[in-house]
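Only one structure is covered here, and it is reproduced in the block below.
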Amino acid sequence: MRAPEVAQPPRPDGKSGDLAAAVIHDAQRLVSLEVALAKQEIKDLVMANAVAAGLVAAGGLLLLPGVLVAIPSLVVLLIPWHWEAALAWVVLYVAIGAGLAFYGKTRFRVGLPAKTLASLKESKEWALRRMRSTVR
């Protein structure tokens, strides 16, 4: 990802006005970079959750035939020797479907973007230090 392009900040030559302008310029650039980082982290989170939702949906789609096969299996139970095959299909569908659904559920992540929060904290400390040094 490319950082947004900005004009060169004014060169501080010791005047407090120039120093304050440089701090403001740096803070503006920092804010735009923070916004870009937050956008990227949110995009990554949405993509990961989309994959997890797909896995849950696939698990649900496999569970449905498992249930639909289970009903005829009860009928087959009344006929000797055929119930083993029906039961094997039910177990297979249910096992695969449940496995995909649980795997997809574990992939969901919901929370605040950690890198952005840490970067914002560092930026705040930097801006406070910079402002204190400019005031002197």
Side-chain angles (χ1 to χ4, degrees):
M1 177 194 278
R2 257 179 87 194
E5 301 215 6
V6 292
Q8 287 292 327
R11 298 273 180 200
D13 59 359
K15 296 179 186 174
S16 65
D18 291 341
L19 289 175
V23 169
I24 290 171
H25 179 270
D26 289 345
Q28 288 173 338
R29 184 166 186 275
L30 191 57
V31 166
S32 67
L33 290 173
E34 297 290 350
V35 168
L37 176 62
K39 284 181 182 179
Q40 183 63 41
E41 276 193 283
I42 289 171
K43 180 182 173 186
D44 293 344
L45 183 64
V46 167
M47 291 299 295
N49 284 340
V51 169
L55 289 170
V56 169
L61 286 175
L62 284 177
L63 282 173
L64 180 64
V67 170
L68 294 176
V69 169
I71 294 169
S73 296
L74 293 175
V75 175
V76 173
L77 279 174
L78 302 174
I79 302 171
W81 309 108
H82 296 287
W83 68 271
E84 291 96 349
L87 184 61
W89 280 108
V90 169
V91 169
L92 180 68
Y93 274 126
V94 170
I96 292 173
L100 285 174
F102 287 126
Y103 180 67
K105 185 179 176 185
T106 62
R107 300 265 322 226
F108 276 113
R109 293 182 302 150
V110 177
L112 297 174
K115 292 177 188 173
T116 300
L117 291 176
S119 180
L120 283 171
K121 186 176 179 181
E122 289 176 13
S123 299
K124 175 186 164 189
E125 292 169 1
W126 170 84
L128 289 173
R129 280 193 313 270
R130 188 86 190 256
M131 289 304 289
R132 285 184 195 127
S133 69
T134 302
V135 172
R136 292 181 189 166

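Below, each value reflects all heavy atoms present in this structure, side chains not excepted, and no hydrogens, waters or symmetry copies.
How far CG of L45 is from CD of E41: 9.0 Å, rounded to the nearest 0.5 Å. Here the CG atom belonging to D26 is positioned 4.5 Å from the CZ atom belonging to R130, to the nearest 0.5 angstrom. Rounding to the nearest 0.5 Å places CG of L19 at 7.5 Å from OG of S133. Taken to the nearest 0.5 Å, the CD1 atom of I42 stands 9.5 Å off from the CG atom of L37. Atom NE2 of H25 is separated from atom CG of L30 by 11.5 Å, given to the nearest 0.5 angstrom. Taking CD1 of I24 as the start and CE of M131 as the end, the distance is 6.5 Å to the nearest 0.5 Å.
The hydrophobic clustering, which links ILVMFWY residues whose side-chain heavy atoms are closer than 4.5 Å, places I96 and V56 apart. Hydrophobic clustering (ILVMFWY, side-chain heavy atoms < 4.5 Å, transitive): Y103 and V51 are in one cluster. Residue L92 is grouped with residue L62 when hydrophobic side chains (ILVMFWY) are merged at heavy-atom distances under 4.5 angstrom, including chains of intermediate members.
When all heavy atoms are compared, the tightest approach of N49 to R107 is OD1-O, 4.2 Å. When all heavy atoms of G104 and A52 are compared, the closest pair comes out as O-CB, 3.3 Å.
Inter-residue side-chain proximity for Q40 and D44 is flagged as met; some heavy-atom pair is nearer than 4.5 Å.
Applying the 6.0 Å contact sphere to CZ of F108 captures more than 12 heavy atoms from other residues, nucleotides or ligands.
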